[in-house]
Each structure stands twice: as structure tokens, then as C-alpha cells.
Q: 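Once you've had a glance at the structure underneath, I'll fire off some questions.
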Amino acid sequence: DLKVEEDNSFHVEIMQKVVFTQPGYGIQVLIPTAQTVTSHQEGKQVSRTYRLDVSNIQVPGYDFTTQKEADHILLKIGDNREYLQGQQVYRIRYDAALREDGDPLMDHVYWDMIPAGHERGISSGTVTVSMPKDFPPENVRFYTLGEGGQSPGGVTFSVEGLDISASLDRGYEPGEGLALWISLPEGYFSGEKTMLVPTLLLFLMILAAPALCVILWLLTGRDVKIIKRLQSQPPEDMTPAEAGYLAEGSSDSNDLVSMI
């Protein structure tokens, strides 16, 4: 299930029923962190890649680990000390947020309902999408993703109010995916995260780096200044009394005491 918020963030809940015909440790699930969207605008094909901020991953009742990779998070569910058998029901929940897309012509929803590259086949499934406000139902599209690219269809769906309900037309082989696309009028989303703050922080870091280097050099990086001092020593084999006589031209009581 996918719940879309008005600020272009998402609440995702996936229920997977898996039957282990032989003992296994668990399953692996791909959570996308990047989306490459291709659309046609003003007669041109435009491709854009968007980053997803994924947070609050939960799998109630199961141990899991996450591993960040190039364009997804690999979610490993299960305990390698415990074998599983028979049917297991996994409920996977997480939140995701898209930043402002920078497209002045339109907003959109694009979501990998079944990420391409999953390791297990899917015999059947249903999808529910809840939108935050009215949208044009005629702009809803589903695409099957495979090695040959994407093709329309793959599901039977209906729209009722703000909800989209869909069911798979067939089983999906390992690696096959299903994507949702909804074209929306520009301004449909509001309050989205933007790239302004991260870009500004990066700019300030670039400006501050030289100044920080100078300050560190002034505090710790300068070489210790060496002060040269004049030193003199008497010739070898000369007694202190003889040295005092040569230096002053006469002998005094201090010179005589040094001879004792």
C-alpha cells in the first residue's frame, strides 16, 4: 500500500506472504533510493533522476539489517541462526520523501510498486494507492518493468475518489517489476523539501575551507621560531683564572678563588 502526502512524501506498507518449501533464513527486499523517470514534454523525451530520502524502516516481528547501495537499500530480513519453514507473513513499513523536482510544467507520482530485480517470483498481488487530494484519474498508468524495458499494463485497476486499487493480471517472474505513473498539474504538491539548503551548506563549506586552513596553520602549523644566541668558550687547557685575566686584563679575588 502507498499513501501519498501533499508534500510529496510517502508512507509505504508491503505485505509479503512467502512459503518456504525448504528451510531458509529469510528474504531480501529492495527499497529504491533513486528513481529515473522518462516522460514526453512538448514533443521531447525527458529523463530525470530523483533521489529518495528513506527513513523509519520497520519489519514487526522479525530481525533485519539494511545495506545502502548505489540506488537502493538492501533489506535483509531474518536471523541466520534460525531456519524458517512454511508460510511467513512479512509486513514491511517505511517512509520516503522526494525533493522538489524542478519541473516547471508538471508534478507527478512515480513509484516502483514491485522493484525490478527482486529475487523471488510473485504469484499474485494487490496494490492500493491513496492520494492527498483530487487528481485526474485518466492520467493513471501502470508499467511492467523487465529486461526489455517497460511496457504498459500488467494490472487491472480502478479509481474511486482519492484511492486507486489494482490487482496483478498475472504472476511476476524474479526480476520483473511494476511501476505506477500519475501525471499531475504543476503545483499539486506543496511544502516539498528542496535542494536549496543542501546546496547552500555545500557552498558555505567551500567558502569556509580556505579560511579554516589558514586558522589551523596560524594555531598549529607554523614552525617554531629559532632564536640564535652567541656563545663563547675559552680555549682548551686554559684554567678559569687564566681566562679571567685574558678577558679583563687583570686578576681579582674571583679569579684566585677559582684556582682553589
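Here the structure is a predicted model, which means the values were calculated and not measured.
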Q: Tell me whether the rings of Tyr90 and Phe20 are parallel (<30°), tilted (30 to 60°) or perpendicular (>60°).
A: perpendicular
Q: Step by step, would you call Trp181 with Tyr143 a ring pair (Phe, Tyr, Trp, His ring centres under 6.0 Å)?
A: CA-CA 8 Å; Trp181 167 268; Tyr143 295 92; 7.9 Å; no
Q: Begin with the C-alpha distance, continue with both residues' side-chain angles, and end with the deciding distance and a verdict on side chain to side chain contact (heavy atoms under 4.5 Å, CB included) for Lys76 and Thr65.
A: CA-CA 5 Å; Lys76 298 180 179 180; Thr65 60; 3.6 Å; yes
Q: Consider only side-chain N and O atoms of Ser130 and Asp163, and report whether a donor and an acceptor are under 3.5 Å apart.
A: yes
Q: Report yes or no: does Asp169 contribute a side-chain atom to a donor-acceptor pair with the main-chain N or O of Thr156 at less than 3.5 Å?
A: yes
Q: Any chance you could lay out the side chain to side chain contact (heavy atoms under 4.5 Å, CB included) test for Val159 and Phe135, step after step, and finish with the verdict?
A: CA-CA 10 Å; Val159 178; Phe135 64 96; 3.7 Å; yes
Q: Treating Glu82 as the side-chain partner and Asp79 as the backbone partner, does any N or O pair qualify as donor plus acceptor under 3.5 Å?
A: no
Q: So, do Thr126 and Leu168 sit near enough that their side-chain heavy atoms are less than 4.5 Å apart?
A: no
Q: Quick one: sort the Phe157 and Phe142 rings into parallel, tilted or perpendicular, breaks at 30° and 60°.
A: tilted
Q: Side-chain contact, heavy-atom cut-off 4.5 Å: Leu184 with Phe189?
A: yes
Q: State, with a plain yes or no, whether a side-chain heavy atom of Leu74 is found less than 4.5 Å away from one of Thr66.
A: no
Q: Where do Ile92 and Ile77 land on the side chain to side chain contact (heavy atoms under 4.5 Å, CB included) test, with the steps shown first?
A: CA-CA 10 Å; Ile92 304 160; Ile77 306 172; 3.8 Å; yes
Q: Backbone N or O of Gly187 within a donor-acceptor pair of the Asp107 side chain at under 3.5 Å?
A: yes
Q: Which atom names give the shortest non-hydrogen contact between Pro32 and Leu52, and what distance separates them?
A: O-CD1, 3.5 Å
Q: Hey, could you give me the OH/NE2 distance between Tyr94 and His11, rounded to the nearest 0.5 Å?
A: 12.5 Å
Q: Taking atom CD as the centre, does Glu160 end up with more than 12 heavy-atom neighbours from other residues, nucleotides or ligands that are less than 6.0 angstrom away?
A: no
Q: Could you check if a side-chain atom of Thr33 sits within less than 4.5 angstrom of a side-chain atom of Arg51, using non-hydrogen atoms only?
A: yes
Q: Rounded to the nearest 0.5 Å, what separation is found between the CD atom of Gln85 and the OG1 atom of Thr21?
A: 10.0 Å
Q: Would you compute the distance between atom CZ of Arg141 and atom NE2 of His108 and round it to the nearest 0.5 angstrom?
A: 15.0 Å
Q: Distance alone, cut at 3.5 Å: any donor-acceptor contact between the side chains of Asp95 and Ser55?
A: no
Q: Using the rule given for side chain to side chain contact (heavy atoms under 4.5 Å, CB included), can you reason through Ile164 versus Ile182, listing the C-alpha separation, both sets of side-chain angles and the distance that settles it, and then say yes or no?
A: CA-CA 11 Å; Ile164 304 167; Ile182 309 174; 3.7 Å; yes
Q: Which atom pair, heavy atoms only, marks the closest approach of Met15 to Lys17?
A: CE-CE, 4.0 Å
Q: Atom CZ in Arg170, atom CD1 in Ile122: separation rounded to 0.5 Å?
A: 10.5 Å
Q: Would a distance-only check, ignoring hydrogens and angles, find a side-chain to backbone donor-acceptor pair under 3.5 Å from Ser165 to Thr128?
A: no
Q: With hydrophobic residues grouped by side-chain heavy-atom distances under 4.5 Å, do Ile14 and Ile57 end up in a single group?
A: yes
Q: Do Glu6 and Tyr188 have a side chain donor and acceptor closer than 3.5 Å?
A: no
Q: Taking all atoms of both residues into account, what is the closest heavy-atom pair of Pro136 and Pro185, and its distance?
A: CD-CD, 4.3 Å
Q: Which heavy atom of Gly26 sits nearest a heavy atom of Leu84, and at what distance?
A: CA-CD1, 4.1 Å
Q: Between Met131 and Val129, is any pair of side-chain heavy atoms under 4.5 Å apart?
A: yes
Q: Could you tell me if the side chain of Asp112 sits less than 4.5 Å from the side chain of Ile114, heavy atoms only?
A: no
Q: What I'd like to find out is whether the side chain of Val59 reaches to under 4.5 Å of the side chain of Leu75, using heavy atoms alone.
A: yes
Q: Looking at Glu5 and Lys133, does any basic side-chain N land under 4.0 Å from a carboxylate oxygen?
A: no
Q: Out of curiosity, does Tyr25 fall in the hydrophobic cluster containing Ile27 (side-chain heavy atoms, cut-off under 4.5 Å, transitive links)?
A: no
Q: In Å and rounded to the nearest 0.5 Å, what is the CG to CZ distance from Asp1 to Arg93?
A: 10.5 Å
Q: With side chains defined as the heavy atoms from C-beta onward, is the minimum distance between Phe10 and Leu98 less than 4.5 Å?
A: yes
Q: Got more than 12 heavy atoms from elsewhere within 6.0 Å of CG, Asp134?
A: no
